[in-house]
Amino acid sequence: MSHPYYRAGEEDEGGARDDRLMREAMAGFQGGRRSTGVNSNRWQQKYQTMRAKKLKGDVVERNNSETGNLSRGQRPGAFTMMRDFYKGYTDPETRAATLKHGRPVQSTTRKFGDNEFFGSDKPGAAKRDATMEGDIHTDGERNIGEGFMADILDREFVTMSKLPVEVRKQLRVKFDNRPYFTSWVMFVNIVIVIITLATQSIAPVGFVDKLVTRQLLRHNLAYETIGYNQTTNFWIGPDYQSLIHLGAKYSPCMRKDKEYFEKIEDDIAVEDGTGCCIREDLNACWQTKQSQCTSSFAKFKENKEECSFRKGFFHENATLCSQVSCITDVCGLSGFLFDNVPDQFYRALLPTFMHAGIIHLAITLVFQATILRDMEKFAGWWRIGFIYFASGIGGTMLSAILIPYQPEVGASGALYGILASLIVEVVVNWKIYKSPFLELAKLLLLLALLFLVGLLPWIDNYAHIGGFLFGFLTSFVVLPHVNFSEEDRIAKLVVQIACGVLSVVLFALLFIVFYLAQGSTCENCIYINCIPFTDSFCQDSTMELRPRIGV
């Protein structure tokens, strides 16, 4: 078969021998050394001679071979392979990659017409670099500005020819970090949810509390209807009390909450004014105020059966609330170092690994398997882990300040921090996009839609806002970016330092306000977290401390 660069019928035994020798010469170049018995200068001269002899019609056939449009049965011959190798070998970067990989390389960009593009020429497609036979990069790699969200949002990039040479070199650098952090955090999330569902009962599914009642036989042999409002959970998971016991964000477990202990003191003051009300037949007595000691029948406030029905913690040897530490039983986990001094500060991070139910976990896993994994391939495990945990802790602390008595779990604050890193990636690499304002608007629109979803009950928009803020600041500090000039490099360095300092200051401010400036809640901010379409729709988003059950 004649080679596209040969005239028809011109290939003979000598041509076949030249084909073999040129392959050997090319193999010598690939290994970074001259082949034994092959003069590389000779074959460079041979290359020039053959190039001068090619016919005008061969140009079309050469273009077909470059784009892979060979007719059936044809294959790129030694000359084509030698030419591609020689052309790439003149570029220092490609030469180094050739010596490393031991095979001829092609450019990681395609040429369409006279312009070199940052990927595909198809309008409306995310411009990924073409991965062809012999490329030094693989399909799994991730370039600046590319990735999962670039495909979803249909990003378009400027032509490479319009960018300076130094910028082009930076854009040729690809990232292929293994998603170790994403795999680890997904595994931990799944294990914790399995343990939660295995040890706790599933709450009724819904958005508002459900009244649960039952008949209870009292000591005076009379039946009484008792009941309580059981919290519902539309995520298909445990109720509030179980989540608190397992490590949810709940301010009274993280600090000596001023309002909580004030209510305890009020209860103790009420108990100081009570006494033992004895029935006239001396068969029973109960603790109550003197003004209420008028009935001829005893009404016992609590017993073990009622306490169990209300899912409380019964203390056999205690008759007054002041005799027990309820907060220790409610918080659970490791308890407190000192009695009645809550110190479970690790709840600022622990809720990031917990979820309210099966649906909640599924949404998180989808996000982590797509966006988080893609960003980790670009930024690496330590950068993305730093952004993830900084955003998660920041979101939890802001939520603990503004809604301290609403238990919260989930990685939403951390995930919003990852969304913020997508915005930062657009901002710091502004000039590589064909329409940067449009790309930024797409991300902001997506963020706004997610914020509207956060107005539903059991979704914490305060954690979203805090996570986004810290994700935005920390992404400026650690994410890789393109420097378009020396002035641009200095400006971005200043921004990195400023964002790093501001992140530390805001973290310190959040912890100071949480522990020292208690009661600094924003009552009108409730509409940021939940819109009360009905009177009971946002009852779980209240900023007030719920009264204790029983006396």
I need the minimum non-hydrogen distance between [X] and [Y], along with the two atoms involved.
| X | Y | answer |
| --- | --- | --- |
| Pro238 | Ala356 | CD-O, 3.6 Å |
| Val426 | Arg155 | CG2-NH2, 3.6 Å |
| Arg347 | Cys253 | NE-CB, 3.4 Å |

| message | Test: ring pair (Phe, Tyr, Trp, His ring centres under 6.0 Å). Region: residues 476-509. Which pairs qualify, not counting sequence neighbours? | response | Phe470-Phe507, Phe472-Phe476
Output yes when a side-chain donor or acceptor of [X] lies under 3.5 Å from a complementary backbone atom of [Y], and no otherwise.
| X | Y | answer |
| --- | --- | --- |
| Glu156 | Glu439 | no |
| Gln170 | Asn483 | yes |
| Ser399 | Gly395 | no |
| His355 | Ile190 | no |
| Asn429 | Ile144 | no |
| Asn177 | Trp381 | no |
| Ser412 | His464 | no |
| Asn233 | Ile202 | no |

| Considering residues, nucleotides and ligands other than Tyr515, do more than 12 of their heavy atoms fall under 6.0 Å from its OH? |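 Enclosed.
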| task | Report the residues that fulfil salt bridge (charged side-chain N to carboxylate O under 4.0 Å, His left out) with Glu376, sequence neighbours left out, ordered by chain and then residue number. | result |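 Applying salt bridge (charged side-chain N to carboxylate O under 4.0 Å, His left out) to Glu376 gives none.
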| task | Before giving the answer on side-chain contact (heavy atoms from CB on, under 4.5 Å), spell out for Phe378 and Ile384 the whole-Å C-alpha distance, their side-chain angles and the decisive distance to 0.1 Å. | result | CA-CA 9 Å; Phe378 168 57; Ile384 214 67; over 6 Å; no
| field | Test: Arg255 cationic atom under 6.0 Å from Phe514 six-membered ring centre, within 45° of axis | value |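 Yes; both conditions hold, so Arg255 lies above the ring face of Phe514.
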| task | Show your reasoning for whether side-chain contact (heavy atoms from CB on, under 4.5 Å) applies to Leu447 and Tyr416. | result | CA-CA 9 Å; Leu447 192 69; Tyr416 268 73; 3.8 Å; yes
| Any salt bridge between Glu408 and Lys249, counting N to O under 4.0 Å? |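 So Glu408 does not pair with Lys249 through a salt bridge.
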| Aromatic ring proximity, centroids under 6.0 angstrom, Tyr260 and Tyr250 | no
| What orientation do Trp184 and Phe389 show, parallel under 30°, tilted 30 to 60°, or perpendicular over 60°? | perpendicular
Taking the side chain as everything from C-beta on, heavy atoms only, tell me whether [X] gets closer than 4.5 Å to [Y].
| X | Y | value |
| --- | --- | --- |
| Met375 | Thr182 | no |
| Val482 | Val428 | no |
| Ser391 | Ile418 | no |
| Met254 | Pro404 | no |
| Arg142 | Asp374 | yes |
| Val193 | Leu197 | yes |

| field | Listed partners of Ser242 passing side-chain hydrogen bond (donor to acceptor under 3.5 Å, both in side chains), at least two apart | value | Gln200, Asp239
